[in-house]
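In the text below, chain A, chain B and the rest are named by the order of the sequence lines, each starting its count at 1.
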2 protein chains.
Amino acid sequence: MTQTADTTGYKEIKQTVLDRIRSGQWLPDMLLPNEQDLAVEFSCTRTTVNRALRELAEEGFLERRRKAGTRVLSAPQRQARFTIPLVREEVEALGGTYRYALVSAQAEQAPDWLAARLALGSDRRVMHVRCMHFSDNTPFQFEDRWIVTASVPPVEQADFSTLGPNEWLIQTVPFTNVELSFLASRADAELAGFLDVTVGEPVFTAERITWLQGSPVTFAKMYFAAGYRMTTRF
Amino acid sequence: MTQTADTTGYKEIKQTVLDRIRSGQWLPDMLLPNEQDLAVEFSCTRTTVNRALRELAEEGFLERRRKAGTRVLSAPQRQARFTIPLVREEVEALGGTYRYALVSAQAEQAPDWLAARLALGSDRRVMHVRCMHFSDNTPFQFEDRWIVTASVPPVEQADFSTLGPNEWLIQTVPFTNVELSFLASRADAELAGFLDVTVGEPVFTAERITWLQGSPVTFAKMYFAAGYRMTTRF
DNA sequence: CGTCTCTTTTTGTGTAGACTTTAATTTTTT
DNA sequence: AAAAAATTAAAGTCTACACAAAAAGAGACG
């Protein structure tokens with residue numbers, strides 16, 4: 001006989017708690033029993049209950065405060081987790097053959113809007129890289145990127161003719177803070193040419209600012225081909 | 001040397017591990033010491049090391065496999081976590097005054113594309129609700145939603161004149177699976193009117209399909225006003 | 001009445017140890 | 001040599017207990 005009869009793992013507890021919320025037994029804003037009482041109910045230790053409830057709080061179902069206890073969140077703060085893939089991986093995951101092409105790469109002074117956006121000081125040297133990512137030779141993404149020279153000095157010697165700036169950066173500047181935005185923009189004449197769409201077409205766009213320990217590293221705009229959608233399930 | 005005093009919380013361990021990866025002391029693909037050895041190094045128990053490493057793996061920095069050990073991920077799978085807020089809360093968080101207005105609500109048969117999208121069977125009854133969300137009386141979002149009657153029977157009696165369908169659903173159907181997509185669409189004449197933009201304007205759009213234990217509940221398209229961007233930091 | 005301090009409840013985190021599960025590795029058998 | 005079986009190292013989880021830290025609530029005091 002397997003002992004699984006009364007073994008209440010933290011996963012079972014999580015499931016039971018979710019079921020009770022779903023069934024309405026525990027209503028939004030309701031305070032639920034404290035960990036000790038639940039431990040008795042599930043005949044396990046408080047440690048196990050703690051892990052279950054902690055994870056459910058992490059996942060946005062519960063709110064926990066010392067002394068105040070644990071309560072059901074009225075509007076469960078469901079969070080979508082988008083994995084931000086490398087373009088190459090995204091293309092290959094969709095079954096396409098990835099191809100990279102450099103459009104231009106040149107050292108220049110950051111324009112005012114960029115300097116403001118990145119809070120650059122007096123040193124405005126940046127490397128401006130523009131490139132295309134293809135899937136089966138059809139345009140997939142146009143990338144317009146600026147890399148702050150002062151933050152990544154070797155960028156001046158980098159060769160972007162075969163390796164994309166994003167992959168180069170990942171190898172060079174391993175860990176960073178990121179601000180990522182999604183928006184809809186309009187294809188101007190140049191972008192329309194790159195992405196092979198008509199001028200004025202809506203283009204799904206991602207903007208990404210990256211810092212390394214507080215100092216700005218790069219600003220990138222990524223324009224996706226027509227019909228692109230970013231999807232997640234949870 | 002500073003053999004780490006006795007203040008080794010799991011958070012400190014996480015930070016130390018991250019620092020070692022950043023500094024290149026632990027390189028991508030490198031196997032790091034097992035939990036027991038790290039516990040000795042940090043002079044704490046394996047439980048504490050386990051929590052630190054488990055969370056770092058959860059956050060996408062490490063990969064852990066029983067018997068195989070823990071290694072540094074070569075391309076850290078950084079995931080963006082977007083909190084999907086209620087429109088009301090989003091508007092209020094931006095400092096605006098929220099206003100809701102129902103455009104239309106009527107029971108109808110799901111069109112073919114919707115039936116296909118939701119994998120509806122023979123019962124195609126849906127409630128089609130269209131509504132506007134305003135911030136300080138300027139259009140913020142136009143919502144076009146279908147709710148599957150068979151999955152949520154009380155929808156036929158629901159009054160959407162003052163309460164938005166999303167908030168109504170949250171109160172009525174507590175827990176669900178969700179597929180969420182972001183894309184850029186083009187404003188047609190009607191949408192342009194609702195959002196007060198010119199026809200053809202790019203519109204940031206979110207699509208959301210919701211299931212309750214496998215059966216489809218609702219499909220919603222949410223069109224955001226010009227200039228909207230969805231932002232996250234990590 | 002407000003505000004300050006004290007108590008107490010509840011979660012947060014830690015220790016020490018045990019058993020379980022997975023799967024890489026080694027050994028044995030076919 | 002290939003396949004099957006045994007070994008074993010590592011993470012995964014649990015128990016049982018302890019103390020820390022936050023903060024709600026109560027009481028004291030001006």
### Query
With respect to the phosphate group of D/dT13, does any side-chain polar atom (N or O) of A/Lys11 fall under 4.0 Å of OP1 or OP2?
yes
### Query
Checking all strands, does A/Thr70 fall into the base, sugar-phosphate, or nothing category for heavy-atom contacts under 4.0 angstrom?
sugar-phosphate
### Query
Any side-chain N or O of B/Arg65 under 4.0 Å from OP1/OP2 of D/dA10?
no
### Query
Okay, side chain of A/Ser23, backbone of A/Arg20: is any donor-acceptor separation there less than 3.5 Å?
yes
### Query
Any N or O donor-acceptor pair linking the side chain of A/Arg66 to the base of C/dT11 at under 3.5 Å?
yes
### Message
Between C1' on C/dT13 and CZ on B/Phe42, what's the gap in Å once rounded to a whole number?
### Response
17 Å
### Task
State, yes or no, whether a side-chain contact exists between A/Phe224 and A/Arg229 at a heavy-atom distance under 4.5 Å.
no
### Nearest-angstrom distance from the residue atom CD of A/Glu35 to P of D/dC17
17 Å
### Query
How does DNA chain C read in dot-bracket, base by base from 5' to 3', with Watson-Crick or G-U pairs under 3.5 Å and | used when the partner is on another strand?
||||||||||||||||||||||||||||||
### Query
Which residue, A/Arg54 or A/Gly69, contacts DNA chain C at a nucleotide closer to its 5' end, judged by nearest heavy atom?
A/Gly69
### Query
Side chains of B/Asn177 and A/Arg233: do they bring a donor and an acceptor to under 3.5 Å?
no
### Task
May I have the distance from B/Glu63 (atom CD) to C/dA24 (atom P), rounded to whole angstrom?
10 Å
### Message
Whether A/Asn34 contacts C/dT9 is assessed here as follows: a side-chain N or O lying under 4.0 Å from the phosphate OP1 or OP2. Is that the case?
### Response
no
### Query
Looking at B/Tyr10, does any N or O in its side chain come under 4.0 Å of the phosphate oxygens OP1/OP2 on C/dG14?
no
### Query
Picking from A/Arg64, A/Arg51, A/Arg54, A/Arg66, what satisfies salt bridge (Lys or Arg N to Asp or Glu O under 4.0 Å) with A/Glu35?
A/Arg64
### Task
Find the distance B/Asn50:CG to C/dT13:P and express it as a whole number of Å.
15 Å
### Query
Are A/Trp26 and A/Phe61 close enough that their ring centers fall under 6.0 Å?
no
### Task
Determine: side-chain N/O of B/Thr45 to OP1/OP2 of C/dG17, distance under 4.0 Å, yes or no.
no
### Task
Count the heavy atoms belonging to other residues, nucleotides or ligands that lie under 6.0 Å from CD of A/Gln25, then report whether that count exceeds 12.
yes
### Summary
Between A/Lys67 and B/Arg46, the residue closer to the 5' end of DNA chain C by nearest nucleotide is A/Lys67
### Task
Measure the distance from CG on A/Leu62 to C1' on C/dT11 and round it to the nearest whole Å.
13 Å
### Query
Per the atom types in the model, does the base of C/dG12 pair as donor or acceptor with the side chain of A/Arg51 at under 3.5 Å?
no
### Between C/dT9 (C1') and A/Gln36 (CD): distance, integer Å
12 Å
### Query
Can you tell me how far the OH atom of A/Tyr10 sits from the OG1 atom of A/Thr45, to the nearest 0.5 Å?
13.5 Å
### Query
If only side-chain N and O atoms of B/Thr48 are considered, is one of them under 4.0 Å from the OP1 or OP2 phosphate oxygen of C/dT15?
yes
## Note on the structure
A/Leu38 atom CG is separated from C/dT10 atom C1', nearest whole Å, by 12 Å
### Query
Side-chain contact, heavy-atom cut-off 4.5 Å: B/Phe219 with B/Glu207?
yes
### Query
Rounded to the Å, how far apart are B/Leu56 CG and D/dA11 C1'?
15 Å
### Query
Where each residue is assigned the nucleotide of DNA chain D containing its nearest heavy atom, which of A/Ala68 and B/Leu53 is assigned the position nearer the 5′ end?
B/Leu53
